[in-house]
K.L.:
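One structure, pasted below without further comment.
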Amino acid sequence: MNRNRNAFYNGMRDGVPIALGYFAVAFSLGIVAKKAGLNPFQGFISSLLNHASAGEYAEFTVIMANAPYVEMAFVILVTNIRYLLMSCALSQKFDPDTSLFHRFLVGFGITDEIFGISIGRAGALNPYYNYGAMAIALPSWSLGTALGIVAGNILPVSIVSALSVALYGMFIAIIVPVSKTNKIVGGVVILSFLASFLVSRIPIFEKMSDSMKISLLTVLIAGLAAFFFPVKDEEEDAQNTTKEAF
């Protein structure tokens with residue numbers, strides 16, 4: 001019991017910086033949610049169930065487009081599918097006796113940052129560590145969205161429009177550093193911009209919603225990039241290095 005309690009407190013401690021960052025990002029996301037017509041309670045529940053800025057932004061885009069539920073499910077699956085891979089990787093860190101119930105709950109609360117602090121811990125991972133990080137990070141994410149919607153209802157339209165741009169700035173901040181260090185990623189990013197622009201100008205795609213266009217382009221371009229430029233795993237790199245040494 002003490003071991004689980006200590007793991008929970010350690011998770012909360014490590015989750016504090018994540019919670020602060022989540023609040024700031026979710027606040028900007030709340031501005032977008034307000035434009036989609038959500039009230040603060042709906043925004044809070046949405047963020048409590050969907051823990052990804054890209055996934056929620058796609059969700060709100062679908063809502064604004066009045067698209068069907070099937071399209072929303074597809075869009076969120078595409079934008080959040082990386083968490084399936086993270087969950088599989090993280091499951092290898094658990095003790096073999098860890099129950100499916102604990103694995104399910106930890107998988108539900110996986111985010112990029114929580115995965116990062118969890119996978120970096122030495123030894124077997126105690127699920128209560130994740131619960132501690134989730135207990136402080138996820139409510140902060142949800143509260144930030146709700147307060148962003150409240151601010152969107154109070155602030156002048158000009159300020160709301162300015163704040164809504166902050167989320168795009170966050171996405172740019174994610175892709176620019178990686179694009180500078182990896183030419184392949186940079187090329188894929190540029191190709192994505194060009195493809196998105198061309199699709200928006202082709203008449204045959206006019207009846208397709210923006211969210212569906214983005215989702216299809218994401219699957220197509222990511223698939224082509226993975227096929228032509230596969231990422232070598234560490235074991236293969238080590239074997240190649242050994243062969244070169246001899």
K.L.:
Mind checking the CD-CG spacing from Glu113 to Asp14? Nearest 0.5 Å is all I need.
P.N.:
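Interatomic distance, Glu113 CD to Asp14 CG, rounded to 0.5 Å: 13.5 Å.
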K.L.:
Do you reckon Phe197 sits in the same ILVMFWY cluster as Phe193, going by side-chain contacts under 4.5 Å, direct or chained?
P.N.:
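Different clusters.
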K.L.:
Kindly indicate whether the side chain of Val32, heavy atoms from C-beta on, has any atom under 4.5 Å from the side chain of Glu56.
P.N.:
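Not touching, per the 4.5 Å side-chain cut-off.
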K.L.:
So, Arg5 and Asn2: side-chain donor and acceptor under 3.5 Å apart, yes or no?
P.N.:
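Arg5 vs Asn2: donor-acceptor pair found between side chains.
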K.L.:
Judged by atom type as modelled, is there a donor-acceptor pair below 3.5 Å linking the side chain of Gln42 to the main-chain atoms of Asn39?
P.N.:
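Looks like yes, one N/O pair under 3.5 Å.
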K.L.:
Below 4.5 Å, heavy atoms only, C-beta onward: do Leu29 and Trp141 meet side chain to side chain?
P.N.:
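Leu29 reaches Trp141 side chain to side chain.
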K.L.:
Assigning hydrophobic clusters by single linkage (Ile, Leu, Val, Met, Phe, Trp, Tyr; side-chain heavy-atom cutoff under 4.5 Å), is Phe8 placed with Phe104?
P.N.:
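Linked, Phe8 and Phe104 end up in one cluster.
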K.L.:
Quick one, Ile184 and Phe228 - any side-chain contact, counting heavy atoms below 4.5 Å?
P.N.:
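Counting from C-beta outward, Ile184 and Phe228 never come under 4.5 Å.
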K.L.:
Counting the benzene-type ring for Trp, do Tyr131 and Tyr128 have ring centres under 6.0 Å apart?
P.N.:
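So the answer is yes for these two rings.
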K.L.:
Are Phe60 and Lys35 close enough that some pair of their side-chain heavy atoms sits under 4.5 Å apart?
P.N.:
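Result no, sub-4.5 Å side-chain heavy-atom pair not found.
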K.L.:
Let's go through Val62 and Tyr69 carefully: what are the C-alpha distance in whole Å and the side-chain angles of both, what is the deciding distance for side chain to side chain contact (heavy atoms under 4.5 Å, CB included) to 0.1 Å, and is it a yes or a no?
P.N.:
CA-CA 9 Å; Val62 172; Tyr69 291 127; over 6 Å; no
K.L.:
Looking only at heavy atoms, which two atoms of Ile149 and Leu38 are closest? And how far apart?
P.N.:
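Heavy atoms of Ile149 and Leu38 come nearest at CG2-O, 3.4 Å.
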K.L.:
Is it true that the NZ or CZ of Arg121 lies under 6.0 Å from the centre of Tyr129's six-membered ring and within 45 degrees of the ring axis?
P.N.:
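Geometry flag: set, cation within 6.0 Å and 45°.
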K.L.:
If you measure from CG on Leu138 to CD1 on Ile114, what distance do you get to the nearest 0.5 Å?
P.N.:
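Spacing of CG (Leu138) from CD1 (Ile114) equals 5.0 Å.
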K.L.:
What distance separates Gln92 CD from Ile119 CD1, expressed to the nearest 0.5 Å?
P.N.:
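Output value for this atom pair is 9.0 Å.
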K.L.:
Does the side-chain hydrogen bond (donor to acceptor under 3.5 Å, both in side chains) test come out yes or no for Thr111 and Tyr22, once each step is laid out?
P.N.:
CA-CA 11 Å; Thr111 68; Tyr22 279 1; 2.6 Å; yes
K.L.:
Please report the shortest heavy-atom distance between Ser46 and Glu59, naming the atom on each side.
P.N.:
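The pair with the smallest heavy-atom distance is OG-OE2, 2.9 Å.
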K.L.:
Taking the six-membered ring for Trp, is the centroid-to-centroid distance between His51 and Phe108 below 6.0 Å?
P.N.:
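Judged by ring-centre distance (under 6.0 Å), His51 and Phe108 do meet the cut-off.
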K.L.:
Do Ser192 and Val188 have side chains that approach each other closer than 4.5 Å (heavy atoms only, starting at C-beta)?
P.N.:
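When only atoms from C-beta onward are counted, Val188 and Ser192 do touch, with a gap below 4.5 Å.
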K.L.:
Verify the cluster assignment for Leu194 and Leu220: are they in a single hydrophobic cluster under the rule of side-chain heavy atoms below 4.5 Å apart?
P.N.:
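Cluster IDs for Leu194 and Leu220 differ.
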K.L.:
With no hydrogens and no angle check, is any side-chain donor or acceptor of Ser91 less than 3.5 Å from a backbone partner on Cys88?
P.N.:
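Flag set: sc Ser91 to bb Cys88 pair under 3.5 Å.
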K.L.:
In the structure I gave you, are the side-chain heavy atoms of Leu105 and Asn130 within less than 4.5 Å of one another anywhere?
P.N.:
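Not touching, per the 4.5 Å side-chain cut-off.
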K.L.:
Are Tyr9 and Val106 linked, directly or through intermediate hydrophobic residues, by side-chain heavy-atom contacts shorter than 4.5 Å (ILVMFWY only)?
P.N.:
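Shared cluster, yes.
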K.L.:
Which heavy atom of Val75 sits nearest to which heavy atom of Ala58, and what is that distance?
P.N.:
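That closest heavy-atom pairing would be CG1-CB, 3.2 Å.
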K.L.:
Treating Ser47 as the side-chain partner and Phe44 as the backbone partner, does any N or O pair qualify as donor plus acceptor under 3.5 Å?
P.N.:
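No: the side chain of Ser47 does not pair with the backbone of Phe44.
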K.L.:
Is Ile136 close to Arg13 at the side-chain level, that is, under 4.5 Å between some pair of heavy atoms?
P.N.:
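Heavy-atom side-chain distance check fails, nothing below 4.5 Å.
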K.L.:
Taking atom CG of Leu90 and atom CG of Leu125, what is their separation to the nearest 0.5 Å?
P.N.:
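These two atoms lie 5.5 Å from each other.
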K.L.:
Is there side-chain contact between Thr98 and Asn126, with heavy atoms separated by less than 4.5 Å?
P.N.:
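Of all side-chain heavy-atom pairs linking Asn126 with Thr98, none is under 4.5 Å.
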K.L.:
Please report the closest heavy-atom contact between Val185 and Ser179, naming both atoms and the distance.
P.N.:
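So the two residues come closest at CG1-OG, 4.2 Å.
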K.L.:
Measure across Met86 and Phe115 and return the closest heavy-atom pair with its distance rounded to 0.1 Å.
P.N.:
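In this case the closest contact between Met86 and Phe115 is O-CE1, 3.4 Å.
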K.L.:
Looking at Leu48, is its backbone amide N or carbonyl O close enough to the side chain of Ser142 to form a donor-acceptor pair, meaning the two atoms are under 3.5 Å apart?
P.N.:
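The answer is yes, because a donor-acceptor pair under 3.5 Å joins these two groups.
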K.L.:
On a heavy-atom basis, which atom in Gly107 and which in Ser87 lie closest, and how many Å separate them?
P.N.:
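Looking at all heavy atoms of both residues, the shortest contact is CA-OG, 3.9 Å.
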K.L.:
Could you state the interatomic distance from OG (Ser118) to CD1 (Ile110), rounded to the nearest 0.5 Å?
P.N.:
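Reported to 0.5 Å precision, the distance equals 6.0 Å.
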K.L.:
Find the distance between OG1 (Thr145) and CZ (Phe27) and round it off to the nearest 0.5 Å.
P.N.:
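Atom-to-atom, Thr145:OG1 and Phe27:CZ are 10.5 Å apart.
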